[in-house]
Trainee: 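My questions will all concern the structure given below.
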Amino acid sequence: MTDRKSRRRARQSADVVIWALSRIIGARFHCAPCIAIMTQIRTRIAPSPTGDPHVGTAYIALFNRCFAHSQGGKFILRIEDTDQSRSTAQSEQDILSSLRWLGIEWDEGPDCGGEYGPYRQSQRSDIYRQHIETLLANGSAFRCFCSSERLDALRRQQMQEKRQTGYDGHCLSLTQAEVDSRVGAGEESVVRMAVPREGDCRFNDLLRGEVAIAWSQIDMQILIKSDGLPTYHFANVVDDHLMGISHVIRGEEWINSTPKHLLLYEYFGWEAPRFCHMPLLRNPDKSKLSKRKNPTSINYYRSMGYLPQALVNYLGMMGWSMPDGAEKFTLTQMTRSFDISRVSLGGPIFDLAKLDWLNGKYLREDFAAEDFIAAYASWAFPPDKLAAIVPLIMQRVDKFSDVAELAKPLVSGELPLEAGAFEHKQLAPSEVQRVLQFSLWRLESLADWQRDSIEAALQGLAAAMELKIRDFLFPLFVAMSGKPVSLSVIEAIRILGLDITRARLRSALSAMGGVSKKQLKLLQQEFHGFSWP
RNA sequence: GCACCGUUGGUCUAAUGGUCAGGAUUCCGGGCCUUCACCCCGGAGAUGUCGGUUCGAGUCCGGCACGGUGUACCA
């Protein structure tokens with residue numbers, strides 16, 4: 001702790017010097033990234049558009065943004081979409097709009113541009129191709145032709161012998177002529193980085209002090225995949241340098257691969273940025289926050305009716321505190337008082353009880369009745385949702401006083417489930433669980449969230465399970481509405497969206513007594529055995 | 001397995017090596033109040049463990065325990 005304090009002091013004075021320098025130099029030069037590195041604080045968030053917008057992304061983005069903006073620097077958003085098979089444009093859109101909803105805005109990014117673009121890695125292939133040539137030429141990277149079979153066998157053997165797993169340097173001994181002829185013959189290959197086998201890599205983490213990792217722990221990482229695209233490690237380093245990133249603030253999960261990154265900077269002859277590894281947000285069981293165990297999508301919090309300012313505030317309380325101890329603070333206040341050395345390293349548990357309290361505090365203290373009305377109305381009844389709800393309700397009511405009860409499932413979060421709610425004369429409890437779990441998996445994999453595709457997916461699933469659609473839908477009705485009779489369950493699913501649907505199906509599953517790990521595995525096998533049209 | 005990073009009430013956190021380890025949440029009790037909630041007051045509850053340095057350790061050093069992460073042609 002003392003150590004932390006003295007580091008904090010030292011850093012603050014160093015930052016002042018750098019800042020002053022940037023004022024002097026920055027006024028005269030506007031060119032290479034090297035100048036930017038020397039002169040300006042530049043941080044980034046580099047999400048991979050492979051799924052729901054994650055609260056962990058927002059968390060790291062928040063700290064990067066506060067760090068940069070508290071020192072007159074810039075905060076950049078870069079899309080890391082080198083994994084062609086998993087990246088989607090939809091996910092990218094969701095990430096941008098979620099961060100914007102939270103008020104975490106960026107100075108440069110794929111949507112707003114900037115001097116260091118493009119800000120999407122899939123548009124930077126030429127840059128990576130060019131840069132890998134440098135490493136290939138100076139011998140710090142090499143072509144590898146090993147098949148995945150050989151690599152698998154190698155790994156198995158290493159594990160059996162209880163040795164460290166990793167590449168054995170097989171292709172390191174290839175001559176240039178050999179490499180050229182095999183490449184010329186069209187043989188598939190990857191590019192790996194050479195890694196020393198002796199000694200330690202030492203670096204100074206902004207929060208943790210010196211970290212030493214033996215080079216023997218570091219694998220000869222693939223830099224360019226056989227599809228010609230870079231892996232994270234390579235693209236990340238090249239881009240961070242070219243974009244003038246001065247401080248890499250990222251999750252703790254990256255500590256172990258920092259030596260790879262440092263080595264790449266060295267191979268290129270570039271000055272490395274400062275590294276700062278934040279603690280990881282955790283599930284209540286202390287494992288890394290995951291959507292299997294918790295709602296992790298920012299969209300979930302949005303559709304549950306949390307306020308963006310409360311969620312950002314709450315994220316700011318994770319591993320960090322205001323110097324004056326204030327618990328309710330805005331993004332602006334956080335930025336103004338920001339001091340990265342106030343980050344505490346124990347992984348904070350993302351616990352909803354305190355978020356609820358904080359959100360309520362915002363609602364009570366910051367909203368006049370008319371503000372509340374406006375905010376609530378636009379949350380509960382945005383025009384398109386209202387248009388979808390009204391026709392459903394009109395058919396089923398006799399008088400206005402019936403409306404609220406019917407609409408309840410569509411404007412609520414989780415619903416209380418009565419004991420025995422899932423009793424059914426055709427379906428055994430285990431069958432009900434299967435329907436719920438399979439439906440959840442099926443819906444999660446749905447590409448578009450339209451009435452027809454949801455219906456088709458569920459019908460296909462019912463057929464695969466050899467259940468009558470009527471019986472099949474029963475558990476879903478109950479899970480989604482809390483009652484066996486209600487509005488169209490498919491409409492409800494469409495209107496409520498995946499996040500609320502997931503939460504309801506999950507709470508139904510746990511109301512049924514939960515699914516053990518063993519059961520889950522069996523169900524997974526069965527589910528993967530299904531085939532869809 | 002190996003490596004790395006962590007460890008203050010259940011949870012989020014505060015504490016220039018020096019008061020009685022402070023605040024928030026949660027839970028419980030009381031007050032306000034027609035009820036509930038809000039709000040106010042009060043209570044319960046923590047430095048993982050063993051050793052070392054020191055006049056003095058939550059804070060510095062070492063061992064152990066526990067937890068987490070990493071060990072991919074994912075990021």
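Protein chains get the first letters and strands the later ones, always in sequence-line order, with residue 1 at the start of each. Everything numeric in this text was worked out from a predicted model, so none of it was measured.
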Trainee: Figure out the CE/P separation between A:M278 and B:U69, and round it to whole Å.
Mentor: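 From A:M278 CE to B:U69 P: 17 Å.
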
Trainee: Mind checking the P distance from B:G23 to B:A14? Whole angstroms is fine.
Mentor: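 Rounded to whole Å, the distance is 15 Å.
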
Trainee: Mind checking whether A:W106 and A:Y119 have ring centres under 6.0 Å apart?
Mentor: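 Not under 6.0 Å, so no.
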
Trainee: Out of B:A14, B:C4, B:C39, which nucleotide sits closest to the side chain of A:N256?
Mentor: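 Of the candidates, B:C4 comes closest.
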
Trainee: For A:T82, which contact category applies under a 4.0 Å heavy-atom criterion: base, sugar-phosphate, or nothing?
Mentor: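 Contact class for A:T82: sugar-phosphate only.
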
Trainee: How is A:R155 classified with respect to the nucleic acid when contacts are heavy atoms under 4.0 Å: base, sugar-phosphate, or nothing?
Mentor: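 Contact class for A:R155: sugar-phosphate only.
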
Trainee: Just call it for A:E80: base, sugar-phosphate, or nothing, with non-hydrogen atoms closer than 4.0 Å on any strand.
Mentor: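 Sugar-phosphate only.
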
Trainee: Would you please indicate if the ring centroids of A:H241 and A:F268 are separated by under 6.0 Å?
Mentor: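 Between A:F268 and A:H241, which both carry aromatic rings, the centre distance is not below 6.0 Å.
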
Trainee: To the nearest Å, how far apart are A:E252 CD and B:G68 P?
Mentor: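 Rounding to the nearest Å, CD of A:E252 and P of B:G68 are 12 Å apart.
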
Trainee: Base, sugar-phosphate, or nothing: which does A:S226 touch, judged by heavy atoms less than 4.0 Å apart?
Mentor: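 Counting heavy atoms under 4.0 Å across all strands, the contact made by A:S226 includes a base.
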
Trainee: Can you find an N or O donor on one side and an acceptor on the other, under 3.5 Å apart, linking the side chain of A:T231 with the base of B:C73?
Mentor: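 Donor-acceptor pair under 3.5 Å: no.
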
Trainee: Heavy atoms only, 4.0 Å cut-off, all strands: where does A:R86 land among base, sugar-phosphate and nothing?
Mentor: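 Base contact.
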
Trainee: Which base sits across from B:C55 as a Watson-Crick or G-U pair, both distances under 3.5 Å?
Mentor: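 For B:C55, the partner nucleotide comes out as B:G18, under the 3.5 Å rule.
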
Trainee: Report which part of the nucleic acid A:I255 touches: base, sugar-phosphate, or nothing (heavy-atom distance under 4.0 Å, all strands).
Mentor: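 Answer is sugar-phosphate: A:I255 comes under 4.0 Å of backbone atoms only.
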
Trainee: Measure CZ/A:R192 against C1'/B:A72 and give the value in whole Å, please.
Mentor: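 Roughly 10 Å, once rounded to whole Å.
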
Trainee: Quick one: label A:R163 by what it contacts on the DNA or RNA (base, sugar-phosphate, nothing), any heavy atom closer than 4.0 Å.
Mentor: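 Nothing: the residue A:R163, judged by heavy atoms under 4.0 Å, touches no strand.
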
Trainee: Is A:N283 reaching over with its side chain to a backbone N or O of A:D285, donor-acceptor style, under 3.5 angstrom?
Mentor: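 No, because the side chain of A:N283 does not come within donor-acceptor range (under 3.5 Å) of the backbone of A:D285.
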
Trainee: So, A:Y362 versus A:D366: side-chain donor-acceptor pair below 3.5 Å or not?
Mentor: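 Short answer, no.
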
Trainee: Kindly point out which of B:G68, B:C73, B:U11 is positioned nearest to the side chain of A:S287?
Mentor: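 Among the listed nucleotides, the one closest to the side chain of A:S287 is B:G68.
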
Trainee: Expressed in angstrom and rounded to an integer, what is the separation of A:I349 atom CD1 from B:U8 atom P?
Mentor: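 Answer to the nearest Å: 10 Å.
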
Trainee: Figure out the CG/C1' separation between A:D356 and B:A24, and round it to whole Å.
Mentor: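 Those two atoms, CG and C1', are 15 Å apart.
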
Trainee: What is the distance from CH2 of A:W215 to P of B:C4, rounded to the nearest Å?
Mentor: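 My rounded result for the distance is 14 Å.
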
Trainee: Taking atom P in both B:U35 and B:A44, compute the distance separating them and give it to the nearest angstrom.
Mentor: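 Per the computed distance, 28 Å lies between those P atoms.
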
Trainee: Classify the nucleic acid contact of A:K354 as base, sugar-phosphate or nothing, counting any heavy atom under 4.0 Å across all strands shown.
Mentor: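 Base contact.
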
Trainee: With distance as the sole criterion, is a donor-acceptor pair present between the side chains of A:D239 and A:Q121 under 3.5 Å?
Mentor: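 Looking only at side-chain atoms, A:Q121 and A:D239 do form a donor-acceptor pair, the distance falling under 3.5 Å.
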
Trainee: Which of the following nucleotides, B:C73, B:G6, B:C12, is nearest to the side chain of A:R208?
Mentor: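 Selected nucleotide: B:G6.
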
Trainee: Please determine, for B:U47, whether a Watson-Crick or G-U wobble partner exists with both distances under 3.5 Å, and give it or none.
Mentor: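 None - no nucleotide pairs with B:U47, as no candidate has both distances under 3.5 Å.
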
Trainee: For A:M318, answer base if it contacts any base atom (sugar-phosphate contacts may also be present), sugar-phosphate if it contacts only those atoms, and nothing otherwise; contact means non-hydrogen atoms under 4.0 Å.
Mentor: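 Sugar-phosphate only.
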
Trainee: Can you tell me the Watson-Crick or wobble partner of B:C36, both distances under 3.5 angstrom?
Mentor: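 The answer is none; no pair meets the criterion.
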
Trainee: B:A75 C1' sits how many Å from A:Q121 CD, rounded?
Mentor: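 One finds 10 Å between C1' of B:A75 and CD of A:Q121, rounded.
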
Trainee: How many whole angstroms separate atom CG of A:N204 from atom P of B:C5?
Mentor: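 Rounded to the whole Å, the gap is 12 Å.
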
Trainee: Determine, for A:E414 against A:R506, whether the closest basic-nitrogen to carboxylate-oxygen distance falls under 4.0 angstrom.
Mentor: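 Salt bridge absent between A:E414 and A:R506.
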
Trainee: Pick base, sugar-phosphate or nothing for A:G346, based on heavy-atom distances below 4.0 Å to the nucleic acid.
Mentor: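 Sugar-phosphate, no base atom in range.
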
Trainee: Can you identify which nucleotide, out of B:C12, B:C73, B:A75, has its nearest atom closest to the A:H233 side chain?
Mentor: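 Closest nucleotide to the A:H233 side chain: B:A75.
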
Trainee: Out of B:G6, B:U13, B:G67, which has the shortest distance to the side chain of A:S344?
Mentor: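 Of the options given, the side chain of A:S344 lies nearest B:U13.
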
Trainee: Identify the two heavy atoms, one from A:M193 and one from A:L263, that lie closest to each other, and give their separation to 0.1 Å.
Mentor: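 For A:M193 and A:L263, the tightest heavy-atom pair comes out as CE-CD2, 3.6 Å.
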
Trainee: Base, sugar-phosphate or nothing for A:A212? Non-hydrogen atoms, less than 4.0 Å.
Mentor: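 Sugar-phosphate contact only - A:A212 comes under 4.0 Å of backbone atoms but never of a base.
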
Trainee: Please name the nucleotide paired to B:U8 by Watson-Crick or G-U wobble geometry with both distances under 3.5 Å, or report none.
Mentor: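 With both distances under 3.5 Å required, B:U8 matches none.
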
Trainee: Is a donor from one side chain sitting under 3.5 angstrom from an acceptor on the other, for A:Q176 and A:D180?
Mentor: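 On atom types as modelled, these side chains qualify, holding a pair under 3.5 Å.
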
Trainee: Looking only at atom C1', what distance separates B:G17 and B:U59, rounded to whole Å?
Mentor: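 To the nearest whole Å, 7 Å.
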
Trainee: Within the structure shown, what part of the strands sits under 4.0 Å from A:L280 by heavy-atom distance: base, sugar-phosphate, or nothing?
Mentor: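 Since only primed, P, OP1 and OP2 atoms lie under 4.0 Å of A:L280, the category is sugar-phosphate.
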
Trainee: Between B:G63 and B:U26, how many Å separate the two P atoms, rounded to a whole number?
Mentor: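 That atom pair is separated by 41 Å.
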
Trainee: Select one nucleotide: of B:G23, B:U26, B:C2, the one nearest the side-chain heavy atoms of A:Q217.
Mentor: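 The answer is B:C2.
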
Trainee: Watson-Crick or G-U wobble partner for B:A3, using a 3.5 Å limit on both distances?
Mentor: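 Pairing partner, where one exists within any strand: B:U69.
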
